[in-house]
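Computed from heavy atoms alone, side chains included, the values below leave out hydrogens, waters and symmetry copies. We number each residue from 1, following the sequence as shown.
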Amino acid sequence: MLILVTGGSGSGKSEYAQRRCMELEAGPKLYIATMEVYDEESRRRVGRHRAIRDGMGFETVECQRHLGQASIVPGQVVLLECVSNLAANEMFSGVETRKPVQVADTVVRGVEHLLQSASHVVAVTNQVFSDGITYDAQTEDYRRCLAQINNRLAEMADEAVEVVCGIPLLLRQSQQP
């Protein structure tokens with residue numbers, strides 16, 4: 001089962017995703033961290049997320065790129081945080097900037113890889129599309145890429161939730177047979 005959780009910065013999406021993982025069938029829990037830590041702000045964010053997960057039983061694995069190569073134990077509940085960092089890492093980390101379509105395909109295939117072994121995948125992503133600002137060409141390419149990824153994952157998802165002000169809003173729930 002795939003659960004997609006989206007929301008703006010500071011919306012409470014991470015806390016919701018973690019709670020949702022805890023509600024799922026008991027099994028080993030894996031947290032896939034995608035953030036590349038560059039500065040003090042990112043170190044603080046990582047520390048805050050670790051503190052929130054403390055005592056929840058998650059094993060943490062760093063995977064900033066190449067999600068399709070992640071090792072998953074069959075039956076694990078996987079929390080992927082976050083898709084938007086993963087997309088940025090895939091697009092901009094390396095010798096050259098990759099094309100948005102290539103990045104979108106790589107990220108979606110990576111999530112499909114997780115779904116082959118995990119019992120559940122809860123994927124967190126960001127909603128970065130409603131500020132009305134026009135950005136430079138490179139940033140706009142990234143935003144279009146993330147929109148493609150989010151749309152494709154939402155289509156695949158059994159549940160899609162947007163968290164606004166800490167309130168989860170169900171966007172999609174597939175009908176179970």
Side-chain angles (χ1 to χ4, degrees), residues 1-35 41-42 44-64 67 70 72 75-89 104 107-133 142-177:
M1 175 166 68
L2 174 61
I3 300 170
L4 182 65
V5 180
T6 189
S9 177
S11 65
K13 62 189 175 291
S14 295
E15 293 86 348
Y16 173 79
Q18 291 165 14
R19 280 195 319 269
R20 193 68 183 91
C21 283
M22 300 309 289
E23 295 169 358
L24 298 169
E25 67 187 52
K29 293 187 177 33
L30 178 66
Y31 181 91
I32 299 180
T34 63
M35 178 180 270
E41 178 185 345
S42 55
R44 279 194 304 272
R45 181 172 285 179
V46 167
R48 183 171 84 57
H49 282 239
R50 283 185 180 148
I52 292 168
R53 287 193 317 275
D54 190 39
M56 295 177 111
F58 282 97
E59 173 191 350
T60 300
V61 171
E62 303 282 332
C63 185
Q64 288 85 15
L67 184 61
I72 304 300
Q76 278 185 309
V77 174
V78 175
L79 176 52
L80 172 62
E81 185 147 15
C82 82
V83 171
S84 48
N85 283 336
L86 183 61
N89 297 343
V107 171
V108 171
R109 280 195 312 270
V111 172
E112 289 170 339
H113 164 73
L114 299 179
L115 288 166
Q116 289 174 358
S117 295
S119 61
H120 303 288
V121 175
V122 178
V124 177
T125 190
N126 283 297
Q127 203 288 48
V128 296
F129 313 105
S130 56
D131 61 8
I133 298 171
Y142 166 75
R143 286 170 26 118
R144 278 190 294 278
C145 175
L146 184 59
Q148 281 182 358
I149 293 166
N150 288 352
N151 290 345
R152 289 170 65 184
L153 293 181
E155 188 175 299
M156 293 167 46
D158 298 284
E159 292 178 23
V161 176
E162 182 176 11
V163 180
V164 179
C165 300
I167 302 167
L169 306 171
L170 184 63
L171 302 174
R172 176 176 191 206
Q173 186 168 32
S174 67
Q175 301 299 319
Q176 299 298 322

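Between the side chain of Asp131 and the backbone N or O of Ile133 there is at least one donor-acceptor pair closer than 3.5 Å. Here the side chain of Lys13 pairs a donor or acceptor atom with the backbone of Gly8 at under 3.5 angstrom. Side-chain N or O atoms of Asp158 include one that pairs as donor or acceptor with a backbone N or O of Leu2 at under 3.5 Å. One N or O on the side chain of Arg172 and one on the backbone of Ala154 form a donor-acceptor pair closer than 3.5 Å. At distances below 3.5 Å, at least one donor-acceptor pair connects side-chain atoms of Thr34 with backbone N or O atoms of Cys82. Between the side chain of Ser119 and the main chain of Gln76, a donor-acceptor pair closer than 3.5 Å is present. Side-chain atoms of Tyr142 come within 3.5 Å of backbone atoms of Ser84 as a donor-acceptor pair (strictly under, hydrogens ignored). Between the side chain of Gln127 and the main chain of Phe129, a donor-acceptor pair closer than 3.5 Å is present. His113 places a side-chain N or O within donor-acceptor distance of the main-chain N or O of Ala70, the cut-off being under 3.5 Å.
Nearest approach of Cys63 to Ile32, heavy atoms of both residues: CB-CG2, 3.6 Å. The two atoms that bring Ala17 and Val5 nearest to each other are CB-CG2, 4.3 Å, heavy atoms only. Across Cys21 and Phe58, no two heavy atoms sit closer than the pair CB-CZ, 3.8 Å. Nearest heavy-atom pair, Gly7 versus Glu162, reported as atom, atom and distance to 0.1 Å: CA-CG, 4.4 Å. Between Ile149 and Ala104, the shortest heavy-atom contact is CG1-CA, 3.5 Å. The minimum heavy-atom distance linking Ile72 with Ser117 is given by the pair CG2-CB, 3.8 Å.
A donor-acceptor pair shorter than 3.5 Å can be found between the side chains of Tyr31 and Glu81.
Here Asp54 pairs with nothing under the salt bridge (Lys or Arg N to Asp or Glu O under 4.0 Å) rule; sequence neighbours left out. Contacts of Thr60 classified as side-chain hydrogen bond (donor to acceptor under 3.5 Å, both in side chains), with partners at least two apart in sequence or in another chain: Arg53. The salt bridge (Lys or Arg N to Asp or Glu O under 4.0 Å) test applied to Arg20 returns Glu23, Glu159, not counting sequence neighbours. Among residues two or more places apart in sequence or in another chain, the side-chain hydrogen bond (donor to acceptor under 3.5 Å, both in side chains) test is passed with Gln64 by Glu62. Arg48 meets the side-chain hydrogen bond (donor to acceptor under 3.5 Å, both in side chains) test with Glu15; sequence neighbours excluded. Annotation: side-chain hydrogen bond (donor to acceptor under 3.5 Å, both in side chains) contacts of Thr6 (sequence neighbours excluded): none.
Residues Leu30 and Val61 meet the side-chain proximity criterion, which asks for heavy atoms closer than 4.5 Å. Within the 4.5 Å cutoff, no side-chain heavy atoms of Lys29 are placed close to those of Met56. Under the 4.5 Å side-chain criterion, counting only non-hydrogen atoms from C-beta, Val122 is not in contact with Val78. Side-chain contact between Gln173 and Leu170 is present, with at least one heavy-atom pair separated by less than 4.5 Å. Side-chain atoms of Thr125 and Asn85, non-hydrogen and from C-beta on, never get closer than 4.5 Å to each other. Counting heavy atoms from C-beta on, the side chains of Val108 and Met156 come closer than 4.5 Å. Here the side chains of Val83 and Leu146 are in contact, with some heavy-atom distance below 4.5 Å. In this structure, the side chains of Leu153 and Val111 come closer than 4.5 Å at one or more pairs of heavy atoms.
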